[in-house]
A.B. asks: 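If you scroll down you'll find the structure; I have some questions about it.
Residue numbers start at 1 and run along the sequence shown. Both backbone and side-chain heavy atoms feed into the values below; hydrogens, waters and symmetry mates do not.
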Amino acid sequence: MSDAPSNTVIRTLLAQHDLRYSRPRDIILSYFREADKHVNAEGIYSELKKRGHNLSLSTVYLNLGVLKEAGLVREFHGVGGESLYDSNVSRHYHLICKHCNRVIDVPDGVTVGETPTQFRRRAEQVSGWQVDEPNLNLYGTCPSCQH
């Protein structure tokens, strides 16, 4: 991902997805486009508040729902079932640590077409994680929590 996009880029992106421009959508999309992120609504709200943006938590939730439905952010569930949002909307899988809640994308080199056991073993080889259960998301223990 690149640095925060210009207002024009966000307006064009929203229009391409049949969404009208709004300041909250601009702020939230700009935040996601800074870098690949896996974050919950409260985390987004807190970070935007630190940056001086005056959005309510309900506005963040509402706009995340709209952006998700339009395919501009992706929702998945973390260890405790909480909704997390991903700036990478392409089809991909996640490794989620059960201990520290760290989330990373499954690294390149892991083939989705493998059997679940092969997929799990390859994900472990490539990432260094211990995977408990292959699913849409892979829950396990990250290298830092294995010690």
A.B. asks: Please report the C-alpha distance between F32 and L64 in whole Å, then the side-chain angles of each, then the deciding distance to 0.1 Å, and finally whether the side-chain contact (heavy atoms from CB on, under 4.5 Å) criterion is met.
C.D. replies: CA-CA 11 Å; F32 272 112; L64 284 171; 3.7 Å; yes
A.B. asks: Output every pair passing ring-ring contact (aromatic ring centres under 6.0 Å, His included) with a member in residues 40-62, not counting sequence neighbours, ordered by first then second residue.
C.D. replies: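 For residues 40-62: none.
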A.B. asks: Using side-chain hydrogen bond (donor to acceptor under 3.5 Å, both in side chains) as the criterion, list what pairs up with N40, not counting sequence neighbours.
C.D. replies: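 For N40 the side-chain hydrogen bond (donor to acceptor under 3.5 Å, both in side chains) partners, ignoring immediate neighbours, are E82.
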A.B. asks: Report yes or no: is the cationic atom of K37 (NZ for Lys, CZ for Arg) closer than 6.0 Å to the six-membered ring centre of Y85, at no more than 45° off its axis?
C.D. replies: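 Judged by the rule, K37 and Y85 form no cation-pi pair.
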A.B. asks: Check the orientation of F76 and H94. Use parallel for under 30°, tilted for 30 to 60°, and perpendicular for over 60°.
C.D. replies: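 The arrangement is parallel - the two ring planes meet at less than 30°.
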A.B. asks: Does the side chain of W129 reach to within under 4.5 Å of the side chain of T141, using non-hydrogen atoms?
C.D. replies: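 They are not in side-chain contact.
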A.B. asks: Taking salt bridge (Lys or Arg N to Asp or Glu O under 4.0 Å) as the cut-off, I'd like each qualifying pair that reaches into residues 63-73, sequence neighbours left out, listed once.
C.D. replies: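 Those involving residues 63-73 are K68-E75.
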A.B. asks: Counting C-beta onward and ignoring hydrogens, is there a side-chain heavy-atom pair between L84 and V39 closer than 4.5 Å?
C.D. replies: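 When only atoms from C-beta onward are counted, V39 and L84 do not touch, as no gap falls below 4.5 Å.
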A.B. asks: Any side-chain heavy atom of H38 within less than 4.5 Å of one from R102?
C.D. replies: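 SC-SC contact between H38 and R102 ruled out.
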A.B. asks: Could you tell me whether the side chain of H92 and the main chain of S90 form a donor-acceptor pair under 3.5 Å?
C.D. replies: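 Here the side-chain-to-backbone pair exists.
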A.B. asks: Can you find a heavy atom in the side chain of I44 that is under 4.5 Å from one in the side chain of L55?
C.D. replies: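 No, too far: nothing below the 4.5 Å cut-off.
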A.B. asks: Which heavy-atom pair separates H77 from S83 by the least distance, and what is that distance?
C.D. replies: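 Answer, listing the atom of H77 first, then S83: CE1-OG, 3.6 Å.
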A.B. asks: Consider only side-chain heavy atoms of I, L, V, M, F, W and Y, link residues closer than 4.5 Å, and tell whether L57 and I28 are in one cluster.
C.D. replies: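 Same hydrophobic cluster.
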A.B. asks: Kindly compute the distance separating OG1 (T59) from CD1 (I27), expressed to the nearest 0.5 Å.
C.D. replies: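 Rounded to the nearest 0.5 Å, the OG1-CD1 separation comes to 10.0 Å.
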A.B. asks: Partners of A15 by side-chain contact (heavy atoms from CB on, under 4.5 Å), sequence neighbours excluded?
C.D. replies: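 If we apply the side-chain contact (heavy atoms from CB on, under 4.5 Å) test to A15, skipping adjacent residues, there are no hits.
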A.B. asks: Any chain of hydrophobic side-chain contacts (each under 4.5 Å) joining V73 to Y21?
C.D. replies: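 Per the 4.5 Å side-chain linkage, V73 and Y21 are co-clustered.
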A.B. asks: S87 and R33: side-chain contact (heavy atoms from CB on, under 4.5 Å), yes or no, with the steps?
C.D. replies: CA-CA 7 Å; S87 55; R33 291 179 56 89; over 6 Å; no
A.B. asks: Flag the pair L67 / L19 as yes when at least one side-chain heavy-atom distance between them is below 4.5 Å, and no otherwise.
C.D. replies: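 They are in side-chain contact.
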A.B. asks: Please report the interatomic distance CG(L29) to CD1(I10), rounded to the nearest 0.5 Å.
C.D. replies: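 Rounded to the nearest 0.5 Å, the CG-CD1 separation comes to 4.5 Å.
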A.B. asks: Can you tell if the side chain of C100 reaches within under 4.5 Å of the side chain of S144, non-hydrogen atoms only?
C.D. replies: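 Side-chain contact under 4.5 Å: no.
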A.B. asks: Listed by chain and number, what are the salt bridge (Lys or Arg N to Asp or Glu O under 4.0 Å) partners of R20, not counting sequence neighbours?
C.D. replies: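 R20 satisfies salt bridge (Lys or Arg N to Asp or Glu O under 4.0 Å) with no residue once adjacent residues are dropped.
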A.B. asks: What distance do S30 atom OG and R25 atom CZ have between them, rounded to the nearest 0.5 Å?
C.D. replies: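 Taking OG in S30 and CZ in R25, the distance rounds to 13.5 Å.
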A.B. asks: Going by heavy atoms in the side chains, are N63 and S22 under 4.5 Å from each other?
C.D. replies: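 A side-chain contact under 4.5 Å exists here.
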A.B. asks: Rounded to the nearest 0.5 Å, what separates atom CD in E124 from atom CG in L95?
C.D. replies: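 Those atoms lie 9.0 Å apart.
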A.B. asks: Can you find a heavy atom in the side chain of D86 that is under 4.5 Å from one in the side chain of D105?
C.D. replies: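 When only atoms from C-beta onward are counted, D105 and D86 do touch, with a gap below 4.5 Å.
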A.B. asks: Listed by chain and number, what are the side-chain contact (heavy atoms from CB on, under 4.5 Å) partners of L62, not counting sequence neighbours?
C.D. replies: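 Listed in chain order: nothing, the list is empty.
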A.B. asks: At what distance, to the nearest 0.5 angstrom, does OH of Y31 lie from CG of L48?
C.D. replies: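 Here the interatomic distance stands at 7.0 Å.
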